[in-house]
Protein chains: 2
Amino acid sequence: MPEKSEKNGRLNVIASLRKLISEGVYAPGERLKELHVAERLQVSRMPVRLAFRTLEQEGLLQKTGTRGYVVRQFSEEDVLCAVEVRGALEGLAARRLAEKGVTEEVDAQLRDCLSRGEALLEKGHLVKADIEVWATLNQEFHRAIVGATGSRVIHDAIARNDHLPFASADSIVIDDAALDREYGKLRMAHAQHQLVFQALSRGEGARAEMLMREHAYIGLRYGTLFGLGEVGHATDAK
Amino acid sequence: MPEKSEKNGRLNVIASLRKLISEGVYAPGERLKELHVAERLQVSRMPVRLAFRTLEQEGLLQKTGTRGYVVRQFSEEDVLCAVEVRGALEGLAARRLAEKGVTEEVDAQLRDCLSRGEALLEKGHLVKADIEVWATLNQEFHRAIVGATGSRVIHDAIARNDHLPFASADSIVIDDAALDREYGKLRMAHAQHQLVFQALSRGEGARAEMLMREHAYIGLRYGTLFGLGEVGHATDAK
DNA sequence: AACCTTTACTTTGGATCCAAAGAACAATAA
DNA sequence: TTATTGTTCTTTGGATCCAAAGTAAAGGTT
C-alpha cells in the first residue's frame, strides 16, 4: 500500500499506479479495471479514471479498442527507439543552447555537475550510495541544459517522453559486478558530459547536438551497449 | 454550440474544447474554470475535468501553481521549436525507415502520394478545394513514413507533439494572393517529398533524416520562411 | 489609517449514484 | 449438436453531492 502525501493526506494515484506497473504488480498486457485499481489503492473510481487517462498519454497504458485499458508492453526495439527519441530531442536542446550561448549561471551549474562527477570518479570505485548520487547529478546536468534553452515546447516534448518504465533507475540489481559495470558506464557518461559541455561553451551547435545524441545511447545498459543485447532496463535517468 | 457525435449522442468534450481554444473563444492566458466550460458545453464538470487533464498534457492548457488551468500562449519561438521538434522526430522516423528498407506496400503508398501531388502541380495554379486535397495528401505521405517505421514509440512521440493550435490548417485565409503563395509552397513541399522518397528508396538513412528535418520548416508560412517573420500559424498539417 | 484576523465564498478534488454499452451466458430452434 | 437470439451481468462514462483548500472581503484592533 503506497503512502499518502504528508501535505494533504491525499494519495497520488498517478504516481502509485505508475509504481505498481513498473514494479510489475500489474504485468504488461494485463487488463486494468477501474474498480479493481480503486479498491487496491483505497480510493474511488474517479481519481483512477483520471490517472488512467494521464498514463495513457504517457504511453504506459493502452486503450483497448472495445473498452478498458491494458498495461503496455515494450519490446527491446521500443527501448532503443525511446532512447533515440530522447537523444534527438536533447540534441535539439543542446544545439539551441550552444547557438544561443551559455549564460554564466548555466555555465556554473554545468561546471558544478562536472566537478562532482569528477569527485565521484576519483575514488576509483563505487559504493551503492554513489549510484543515487550519480543519478541526481546526471539529472541535474541534463535538466540544466534543457532548461537553459528557455523553450517550454522542447522541455515538454522531452518530459512527455520520459515516462516509460525502463527510464527508472529503481530496478538495478546491486552486486559487485554491477557496481563495476556502473563505474565503467559512469566514466563513459562523464567523458561525454565533458565533451558536451565543451561544445556548448564553444558555441558549436552541430557538435553539441551530435554528442548529445550519442550520449543518449548510454541509457542502454553499458556493456551491452555495442551488442544491444539485454536492453530491458536503462539506468541513465532523465 | 458544437455538434454531438451521431454514434452515441455524446459530445466529444476534448475536441470541442480544443476547437474553442483554437478559435480563440478562450483566449491565450485566460483562466479556465470547470464550471464555466461545463455550462458552455452543456455537460457536467466531470468530462471537463478529464478534458483539462488531457489538454494539459497536450500542451494546450497549463496548470497554474495555485489552482486552475490557463490557456497556454505560444510565442513565435515556440512555433519554431515545435517545428524543429517535429523535424527531429520525423527525421528519426525517416532514417529508421531508410535503414530498415521500404516495403513494396509502403513504396506504392508513397509513389501514389507523389503522383497525386504531381497532378495537383500540373494544373499550374490552385483553387480553394485543392488546399484540402493537398493537406490530406501531405498527411498521408507523412503518416505512411512514420507508420512504416513500425515503432509505436516514435509514432506516439510525434503524435504527442502534434496538438498545438498552430498545427491546424483551419486558419488559412484564402484569397488569390494566398493561393499563389500556397502554390509556391506546394511546389517546394512536393520537391522535398520527392527527395525524401529518393533517399528512402536508396536506403540513405542519414540523408533521409536531414531532408526530413529541413522539410519540417515548410510548416512555417512559406514566404516568411527565410525571414521568420509572422509565423503565427503553420499550414503543413501533420 | 493601516494591518491583521476571521469569515464567507469561490473553486477544485473525491465519492457515490445512475445510465448505457458491451460481453458472456443460456436457452431455443434448426 | 450447433448457431442464433435474447437476457443478464460486468464495466465504463456521466451527473450530482460533499468536503477541503484557497481567495477575497470585511471587520476589528492597534
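Here is how names work: the chains are called A, B, and so on, in the same order as the sequence lines, proteins then strands, and each is numbered from 1.
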Holding to side chain to side chain donor-acceptor pair (under 3.5 Å), I want the full list of residues that pass it with B:Gln57, two or more places apart in sequence or in another chain. none
Taking CE from A:Met46 and P from D:dT16, how many angstroms apart are they, rounded to a whole number? 13 Å
A:Phe52 CZ to D:dG14 P: how many Å, rounded? 15 Å
side-chain contact (heavy atoms from CB on, under 4.5 Å) against A:Asp156, all qualifying residues, sequence neighbours excluded: A:Arg152, A:Arg160, B:Arg72
Presence of donor-acceptor pair under 3.5 Å, side chain of A:Arg49 and base of D:dG14: yes
Just jot down the ring pair (Phe, Tyr, Trp, His ring centres under 6.0 Å) partners of A:Tyr26, sequence neighbours excluded, or say none. A:His36
What is the distance from CD of A:Gln42 to P of C:dG14, rounded to the nearest Å? 15 Å
Mark yes or no for a side-chain to base donor-acceptor pair under 3.5 Å between A:Arg45 and D:dG14, with no hydrogen or angle criteria applied. no
Options C:dG13, D:dT16, C:dG14, nucleotide nearest the side-chain atoms of B:Lys63: C:dG13
Value in whole Å for how far the P atom of C:dT16 lies from CD of A:Glu39: 11 Å
Short of 4.0 Å, heavy atom to strand atom, which residues of residues 26-36 of chain B count as contacting DNA chain C? B:Arg31, B:Leu32, B:Lys33, B:Glu34
Could you pull out all residues at least two apart from A:Phe197 that satisfy ring pair (Phe, Tyr, Trp, His ring centres under 6.0 Å)? none
Grab the OH-C1' distance between B:Tyr69 and C:dT11 for me, whole Å please. 13 Å
Residues A:Arg49, A:Glu56: salt bridge by 4.0 Å N-O rule: no
Sequence neighbours excluded, the answer for side chain to side chain donor-acceptor pair (under 3.5 Å) partners of B:Arg111 is B:Asp107
